[in-house]
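Counting begins at 1 with the first residue of the sequence.
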Amino acid sequence: MAQKFPIPPPEKYLGLSTTSVGCGPGGGTPMIARVSLVDYRGQIIFTAYVLPTNPVTDYRTNSTGIQASDLTPEAGAKPWKDVQQCVAQLIRDKIIVGHTLWQDLSVLGIRHPAVATRDVALYQPFRIALRSPNHVVGLQTLMWHLMRRRVQDNHVCPLENARASLDLYRSHAAEWEGSIANGQWPSHLPPSTFSRCYQ
């Protein structure tokens, strides 16, 4: 039997994730330090460390694994503007999949059409399955409860996170796209303070 609502072709999708360090007083302001893009099957499309645009006050090494030496030209880190332009070009006309994509788009300084996002942190059936309909559930928790897979055991890795988000999406792609085709957006809205990240 033919699928009622065809899923867009695999080449239409990219998984996106970033890792941030902290700048400003107490390191409370996120600043991109690493970004990864993968295709529908998890193959690397782009990954890079990013040179800081402001002084880093907290490398968040315990969670990110990032050291000061990673964010230097000698280590191959790239200028933020170059990374921004590259990622913007790669995701243009694509459906991006991720977890809390508003944070990724914010630190990248990129806007993307909301209808071309699939955010596993906002997908209502995932939240309901974890009995947390009104709260963002962490990727680590989603992966363990829905796929029985551990992620982020040592450090937060954007490559691992991008692949995990795509795996979660693929596990419900038919239902997700079916809802959209029926005119029912199956996800919560991102925080209104990040509305600037969407078109």
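- Of all heavy-atom pairs spanning S36 and T47, the tightest one is OG-OG1, 2.8 Å.
- The side chain to side chain contact (heavy atoms under 4.5 Å, CB included) test with T19 singles out one residue from T64, I32, D104, V50, and that residue is T64.
- When hydrophobic clusters are built by joining Ile, Leu, Val, Met, Phe, Trp and Tyr residues whose side-chain heavy atoms come closer than 4.5 Å, directly or via intermediates, V87 is not grouped with L51.
- In this structure, the side chain of D58 engages the main chain of R60 through a donor-acceptor pair within 3.5 Å.
- Considering all non-hydrogen atoms of both residues, D70 and G65 come closest at OD2-O, 4.0 Å.
- Within the 3.5 Å criterion, the main-chain N or O of R127 finds no donor-acceptor partner in the side chain of H135.
- Judged by distance alone, with hydrogens and angles left aside, the side-chain atoms of R163 form a donor-acceptor pair with the main-chain N or O of G42 at under 3.5 Å.
- Donor-acceptor pairing under 3.5 Å is lacking for the side chains of E175 and Y123.
- The backbone N or O of V97 lies less than 3.5 Å from no partner atom in the side chain of R118, so there is not a single donor-acceptor pair.
- In this structure, the side chain of H112 engages the main chain of K94 through a donor-acceptor pair within 3.5 Å.
- Taking all atoms of both residues into account, the shortest heavy-atom contact from I180 to W185 is CD1-CZ3, 3.6 Å.
- Formation of a donor-acceptor pair under 3.5 Å by the T141 side chain with backbone atoms of V137 is not found in this model.
- Taking the six-membered ring where the residue is Trp, Y13 and Y40 present tilted rings, their angle falling between 30° and 60°.
- With R111 contributing its side chain and R196 its backbone, the two residues share a donor-acceptor pair below 3.5 Å.
- The minimum heavy-atom distance between P52 and L71, with the atom names listed, is CD-O, 3.6 Å.
- Under the 3.5 Å distance criterion, the side-chain polar atoms of D119 are matched with a main-chain donor or acceptor of L101.
- Smallest separation of non-hydrogen atoms from A33 and I66: CB-CD1, 3.6 Å.
- In this structure, S20 and M31 have side chains that are not in contact, with every pair of non-hydrogen atoms separated by 4.5 Å or more.
- Under a 3.5 Å cut-off, the side chain of Q84 and the backbone N or O of L108 do form a donor-acceptor pair.
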